[in-house]
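Notes follow the structure.
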Amino acid sequence: MLGLLVGDACGVPYEFRDPRDLPLFEQLEMQPPKRFARSYAHVKLGTWSDDGAQALCLYASMRECGMYHAQDYAARLIKWHDRGYMAVDHYVFDIGNQTSTAIGRLKQGTPTRYSGLSGERNNGNGALMRCLPLALLHQGNDVALVYEAHAQARLTHAHIRSQVCCALYCLWARREMQQHTSPWESAIATLRAIYRRDPPALHELDTHIRPERRADGKGTGYVLDSLHSARWACLGPNYETIIKRAISLGNDTDTTACIAGGIAGLRHGAQGIPARWLELLRGKEELKRLGIWHDSSHAPNGLHQHQPSTTHV
Amino acid sequence: MKLVKAVIKPFKLEEVKEALADIGIEGMTVTEVKGFGRQKGHTEIYRGSEYTVDFLPKVMVEIVVDDADAEKTTDAIVKAAKTGKIGDGKVFVIPVESATRIRTDETGPEAL
Amino acid sequence: MKLVKAVIKPFKLEEVKEALADIGIEGMTVTEVKGFGRQKGHTEIYRGSEYTVDFLPKVMVEIVVDDADAEKTTDAIVKAAKTGKIGDGKVFVIPVESATRIRTDETGPEAL
Amino acid sequence: MKLVKAVIKPFKLEEVKEALADIGIEGMTVTEVKGFGRQKGHTEIYRGSEYTVDFLPKVMVEIVVDDADAEKTTDAIVKAAKTGKIGDGKVFVIPVESATRIRTDETGPEAL
């Protein structure tokens with residue numbers, strides 16, 4: 001979770017920029033260069049955005065329920081939207097259009113199965129950016145994980161593309177946790193095997209997501225571009241480089257860095273996250289309550305490396 | 001009246017609906033459920049895992065029918081939902097004492 | 001005891017809950033379901049696929065009550081859930097042989 | 001045969017499954033539900049918002065068993081799902097007239 005949150009917080013000041021307007025690669029810090037006019041100038045550095053808050057809602061829900069429970073998660077998203085639950089300072093400063101529409105529907109009593117928009121154009125990265133806790137805390141097998149990733153996506157992003165992207169990401173994260181030698185490739189193979197019984201999903205995977213294609217991306221808010229951008233960023237050798245690569249693509253920088261950061265955190269552990277970034281990260285009281293941050297150890301042990309257990313953080 | 005309650009594979013739902021329409025049954029309720037059974041979910045090689053919740057996605061179909069129709073409803077579902085492989089599911093028949101259609105206040109078999 | 005099982009329109013849930021609270025019933029279970037019926041839902045064409053959405057989102061409300069309360073519970077639901085339009089749903093009453101409250105091991109009507 | 005229908009706290013599902021496996025019961029259906037009851041969800045007044053979460057997340061576990069097994073199934077669930085705190089849930093037993101295994105057409109207790 002720390003990998004995701006730090007990535008998100010690093011990306012916030014650079015959001016919506018053309019890559020050419022960004023500082024030099026080595027200056028893509030959580031604290032941008034002084035002359036750089038950062039996005040959300042009123043938001044303190046080290047603050048996670050909607051991505052981190054929604055992921056924490058899912059984390060808290062799964063911890064409390066011991067499973068993915070759509071209605072409980074929906075109630076927490078509404079609480080975030082209305083009252084800043086899991087947002088730093090209880091302040092919500094950004095929300096995606098689809099998520100906003102879906103939360104509005106949920107508040108009117110629409111069942112969780114039907115709250116998400118399902119058009120092909122409704123494929124923002126809003127469900128992908130928050131789904132990591134499923135992979136961290138899910139106690140089921142791969143089939144169960146895949147279908148709960150679908151259910152998690154449908155809550156706000158009901159098109160099959162968003163669902164499959166979330167399933168692929170969750171399996172990828174699980175393979176990273178398992179220290180698989182080829183996590184991405186293994187995730188694809190498993191997903192194909194599962195989708196043999198699910199032709200629409202298999203069609204989507206093979207014709208649109210095309211997971212074997214070369215990793216690249218533009219860092220936009222389109223779910224497929226986000227996933228491939230994160231994959232490209234994750235070609236970096238360490239946590240810091242992965243986050244900087246994600247931000248260097250410009251556009252939806254916080255979300256690309258959040259998605260890549262989740263994977264990078266699993267791969268390199270909390271000790272792989274630069275101490276200066278952990279220092280700047282805000283909201284630690286909330287993270288302590290959730291058991292993600294521990295003061296006593298100074299170096300947080302909230303994100304352990306390569307050690308799946310029921311207390312993944 | 002009887003409640004016919006079937007748990008089937010999700011991809012068989014369309015065929016079951018068609019089979020029921022063929023015998024004149026159009027109203028039903030469908031719930032997404034998790035099925036746990038002797039057939040485990042797709043097994044993965046994974047060491048040292050505590051992963052134990054191995055469900056398979058299923059759908060539960062519920063239909064209330066007149067006493068006389070319970071058997072043919074069951075038969076139609078069984079025929080349409082069968083793949084012959086493990087995990088095809090089950091059909092149960094449960095007694096129903098009363099039924100009311102909310103829109104019209106009709107009760108009994110007229111409400112079905 | 002009886003299981004009163006109602007399938008209603010999702011936006012009627014609040015009114016049904018209030019109507020039940022008015023007659024002293026507060027415990028219930030709510031499940032998200034799909035309703036298929038003579039009233040068809042909207043049809044969607046998806047990339048040449050034959051996929052059509054012919055269902056409507058519904059919620060299923062389940063309440064177990066003492067025998068004596070089954071009728072007034074049904075009545076309260078019917079009144080609160082009615083819009084007079086097609087698709088309002090139905091209420092069924094099913095016999096229950098035993099009930100146990102997990103926290104206290106109480107059984108029978110005391111458990112309700 | 002009997003349908004044993006339990007509404008429990010979600011994080012108790014694993015223990016319930018294990019307790020049932022211990023008495024030889026492996027097949028079950030699990031549904032995510034919202035539980036409304038005398039125990040209200042927590043009400044919070046925050047920033048003038050009137051929004052309150054008045055349900056608790058629950059799961060419904062459904063198992064069909066032979067008549068003779070209904071009681072020990074209920075007992076196993078009650079024991080495993082108990083936390084002693086409010087909101088632990090309930091277990092109901094409902095009569096089932098017939099059961100059919102779709103794959104083999106077996107009916108009655110053999111189908112379970």
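Each chain gets a letter, A, B and so on, in the order the sequences are listed, and its residues count up from 1.
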Item to check | Stepwise side chain to side chain contact (heavy atoms under 4.5 Å, CB included) test for B:Lys58 and D:Thr29 | outcome: CA-CA 9 Å; B:Lys58 296 274 161 113; D:Thr29 304; over 6 Å; no

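- Counting all heavy atoms, side chain and backbone alike, D:Lys5 lies closest to B:Lys5 at NZ-NZ, 4.1 Å.
- Only the side chain of D:Leu3 comes within less than 4.5 Å of a heavy atom of chain B; its backbone N, CA, C and O stay farther away.
- With a threshold of 4.5 angstrom between heavy atoms, B:Lys2 approaches chain D through side-chain atoms but not through N, CA, C or O.
- The candidate from B:Ile8, B:Thr83, B:Val78 with the greatest count of non-hydrogen atom pairs under 4.5 Å with chain D is B:Val78.
- Atom CZ in B:Phe36 sits 5.0 Å away from atom CG in D:Leu13 (nearest 0.5 Å).
- A search for salt bridge (charged side-chain N to carboxylate O under 4.0 Å, His left out) contacts involving D:Asp75 returns nothing, not counting sequence neighbours.
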Checklist entry - Passes side chain to side chain contact (heavy atoms under 4.5 Å, CB included), D:Asp105 versus B:Lys82? Steps please. => result CA-CA 9 Å; D:Asp105 298 308; B:Lys82 200 194 295 287; 3.0 Å; yes

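- If you take CD on D:Glu32 and CD on B:Glu32, they are separated by 9.0 Å, rounding to the nearest 0.5 Å.
- The shortest heavy-atom contact between D:Ile102 and B:Asp88 is CD1-O, 3.4 Å.
- Heavy-atom pairs under 4.5 Å with chain B peak, among D:Ser98, D:Pro95, D:Ala99, at D:Ser98.
- One finds the OG1 atom of D:Thr104 at 9.0 Å from the NZ atom of B:Lys90 (value rounded to the nearest 0.5 Å).
- Chain D is approached within less than 4.5 Å, heavy atom to heavy atom, by B:Thr74 from residues 61-74 of chain B, ordered by number.
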